[in-house]
Amino acid sequence: MKKYSFVYLALAALVIAGTLLYSIVSNSNDQLPDGFVQGNGRIEAEQVEIAPTIAGRVENVLAAEGAMVAIGDVLAEMDIDELSAALDRAKAEVALALQTRAEAEALVLQRQSEQRRAAQELERAKALLTGQNISETVFEERETIHQVATAVLGAAKARVATAESRIAAAEAEVRRIEAQIEDSSLLAPMPGRVLYRLAEPGEVVGAGEPILTLLSLENVYMEVFLPAREAGLLPIGAEARIVLDALPEYAIPAYVSFVSPEAQFTPKQVETLDEREQLVFRVRVRIPEDLVESRIEHVKTGLRGVAVIRIDNGSAWPEALEQPIPEELFE
């Protein structure tokens with residue numbers, strides 16, 4: 001009997017705590033102690049589109065809607081048959097360019113030998129011309145041969161430079177195609193949950209056309225809208241608590257990560273017309289990443305609730321807003 005009485009007392013205490021917390025985070029700031037403000041919002045996370053860098057056919061989609069994925073997981077694969085053929089062709093171009101350079105370098109050696117011989121013949125012709133042992137005509141012929149040999153050597157060296165440029169271009173093409181093949185496996189850039197599966201195997205998609213929408217769970221937050229007199233008092237990093245409608249008896253630790261520098265009209269999702277007609281500032285209240293990581297499988301976006309923000313560090317948090325979420329809720 002004592003055991004059941006203890007259980008009843010525990011349940012009654014939980015109900016009382018939940019009722020107290022609900023009254024604190026009611027729709028009016030009048031219920032909050034001095035030094036606190038609150039706003040309505042919903043849990044959100046950044047959405048990331050997973051898309052190929054080039055157009056192609058979807059080979060496989062490995063992630064289902066709602067599935068949890070870790071950073072680096074393969075989410076989808078694109079068909080690479082055409083890219084593989086293009087890579088083989090690019091590698092053949094590299095081999096051909098290397099062979100062309102080898103031939104050009106061999107030709108340079110030949111032209112260098114011819115140019116040295118022409119230079120030697122020209123020196124002998126100068127000496128013979130000084131002793132008047134050859135005519136001016138013969139000397140001019142030797143001089144012309146030397147000039148031609150020098151020009152031909154220069155052309156041969158230019159062919160080597162051209163071949164090296166072709167090698168660099170061909171190797172760059174190989175790297176480009178290899179990068180495209182690597183990018184054909186679409187990886188998760190961060191841990192998250194697959195929100196939408198937008199394409200199936202066999203479908204042809206364009207460059208940048210999303211195949212999956214990933215909900216990033218690294219940055220989970222609630223956005224609220226506060227009037228200028230309250231938003232102006234908020235420092236970045238101010239402590240906050242998020243109370244969800246689904247768990248009204250618990251408060252989730254959070255902090256202010258962003259305050260908009262520009263005022264705006266309250267968005268339409270705010271329920272009352274009076275609130276929508278006011279100029280307000282958008283405030284983002286973020287749940288710490290380590291807390292999200294430890295509960296990542298239980299994070300749900302779209303849940304509505306209230307964010308309570310402390311604007312005066314001298315104000316103590318109400319006891320009801322310090323109630324931690326028990327571990328057994330996640331078991």
Validation row: [X], [Y] side chains within 4.5 angstrom (heavy atoms):
{"X": "Ile309", "Y": "Tyr255", "answer": "no"}
{"X": "Val69", "Y": "Leu75", "answer": "yes"}
{"X": "Pro201", "Y": "Val61", "answer": "yes"}
{"X": "Pro189", "Y": "Ile50", "answer": "yes"}
{"X": "Met190", "Y": "Val48", "answer": "yes"}
{"X": "Asp245", "Y": "Leu303", "answer": "no"}
{"X": "Val259", "Y": "Arg284", "answer": "no"}
{"X": "Arg193", "Y": "Leu214", "answer": "no"}

Applying side chain to side chain contact (heavy atoms under 4.5 Å, CB included), run through Val138 and Ser135 and close with a yes or a no.
CA-CA 5 Å; Val138 173; Ser135 64; 3.4 Å; yes
Linked, directly or transitively: [X] and [Y] (ILVMFWY side chains, under 4.5 Å):
{"X": "Val256", "Y": "Phe258", "result": "no"}
{"X": "Leu128", "Y": "Leu122", "result": "yes"}
{"X": "Tyr221", "Y": "Leu247", "result": "no"}
{"X": "Val194", "Y": "Ile43", "result": "no"}
{"X": "Leu215", "Y": "Leu198", "result": "yes"}

Checking side chain to side chain contact (heavy atoms under 4.5 Å, CB included) between Gln38 and each of Val224, Val306, Leu226, Val243, which is the one that passes?
Val306
Return the [atom1] to [atom2] distance between [X] and [Y], rounded to the nearest 0.5 Å.
{"X": "Asn60", "Y": "Ile211", "atom1": "CG", "atom2": "CD1", "value": "10.5 Å"}
{"X": "Leu244", "Y": "Tyr250", "atom1": "CG", "atom2": "OH", "value": "12.5 Å"}
{"X": "Ile311", "Y": "Glu239", "atom1": "CD1", "atom2": "CD", "value": "13.5 Å"}
{"X": "Arg241", "Y": "Arg310", "atom1": "CZ", "atom2": "CZ", "value": "7.5 Å"}
{"X": "Glu65", "Y": "Leu195", "atom1": "CD", "atom2": "CG", "value": "7.5 Å"}
{"X": "Arg176", "Y": "Leu83", "atom1": "CZ", "atom2": "CG", "value": "8.5 Å"}

Is atom OH of Tyr196 surrounded by more than 12 heavy atoms (other residues, nucleotides or ligands) closer than 6.0 Å?
no
Which residue pairs pass the side-chain hydrogen bond (donor to acceptor under 3.5 Å, both in side chains) test with at least one member in residues 197-217, sequence neighbours excluded?
Glu49-Thr213, Arg197-Glu200
Working for side chain to side chain contact (heavy atoms under 4.5 Å, CB included), residues Glu164 and Arg101
CA-CA 7 Å; Glu164 289 177 345; Arg101 184 181 66 180; 3.5 Å; yes
Stepwise, does the side chain to side chain contact (heavy atoms under 4.5 Å, CB included) test hold for Ile80 with Leu87?
CA-CA 10 Å; Ile80 60 171; Leu87 180 61; over 6 Å; no
Where [X] and [Y] come nearest, the two heavy atoms and their spacing:
{"X": "Arg42", "Y": "Gly302", "answer": "CB-O, 4.0 Å"}
{"X": "Pro318", "Y": "Pro33", "answer": "CG-CG, 3.7 Å"}
{"X": "Val285", "Y": "Ala240", "answer": "CG1-CB, 3.6 Å"}
{"X": "Leu291", "Y": "Ile287", "answer": "CD2-CG2, 3.8 Å"}
{"X": "Ser315", "Y": "Gly35", "answer": "OG-CA, 3.6 Å"}
{"X": "Phe281", "Y": "Ala231", "answer": "CB-CB, 3.7 Å"}

Under the side chain to side chain contact (heavy atoms under 4.5 Å, CB included) test, residues paired with [X] that sit two or more places apart:
{"X": "Glu82", "result": "none"}
{"X": "Arg166", "result": "Ala97, Thr162"}
{"X": "Asp79", "result": "Arg57, Glu59, Asp81"}

Taking [X] for the side chain and [Y] for the main chain, is one N or O donor matched with an acceptor at less than 3.5 Å?
{"X": "Ser184", "Y": "Gln180", "result": "yes"}
{"X": "Ser165", "Y": "Ala161", "result": "yes"}
{"X": "Asp88", "Y": "Ala85", "result": "no"}

Using side chain to side chain contact (heavy atoms under 4.5 Å, CB included), reason through Glu223 and Glu44 one step at a time and then give a plain yes or no.
CA-CA 8 Å; Glu223 285 190 343; Glu44 300 181 59; 4.1 Å; yes
Please list, chain by chain and in numerical order, all residues satisfying side-chain hydrogen bond (donor to acceptor under 3.5 Å, both in side chains) with Asn219, sequence neighbours excluded.
Glu46, Arg286
Side-chain ion pair, Glu114 and Arg111, N-O less than 4.0 Å
yes
Could you give the side-chain donor-acceptor pairs of residues 147-158 under 3.5 Å, partners two or more places apart or in another chain?
residue	atom	partner	partner atom	Å
Thr150	OG1	Gln115	NE2	3.3
Thr150	OG1	His146	O	2.9

Test salt bridge (charged side-chain N to carboxylate O under 4.0 Å, His left out) on Arg175 and Glu178 and set out the steps.
CA-CA 5 Å; Arg175 291 193 299 272; Glu178 287 177 340; over 6 Å; no
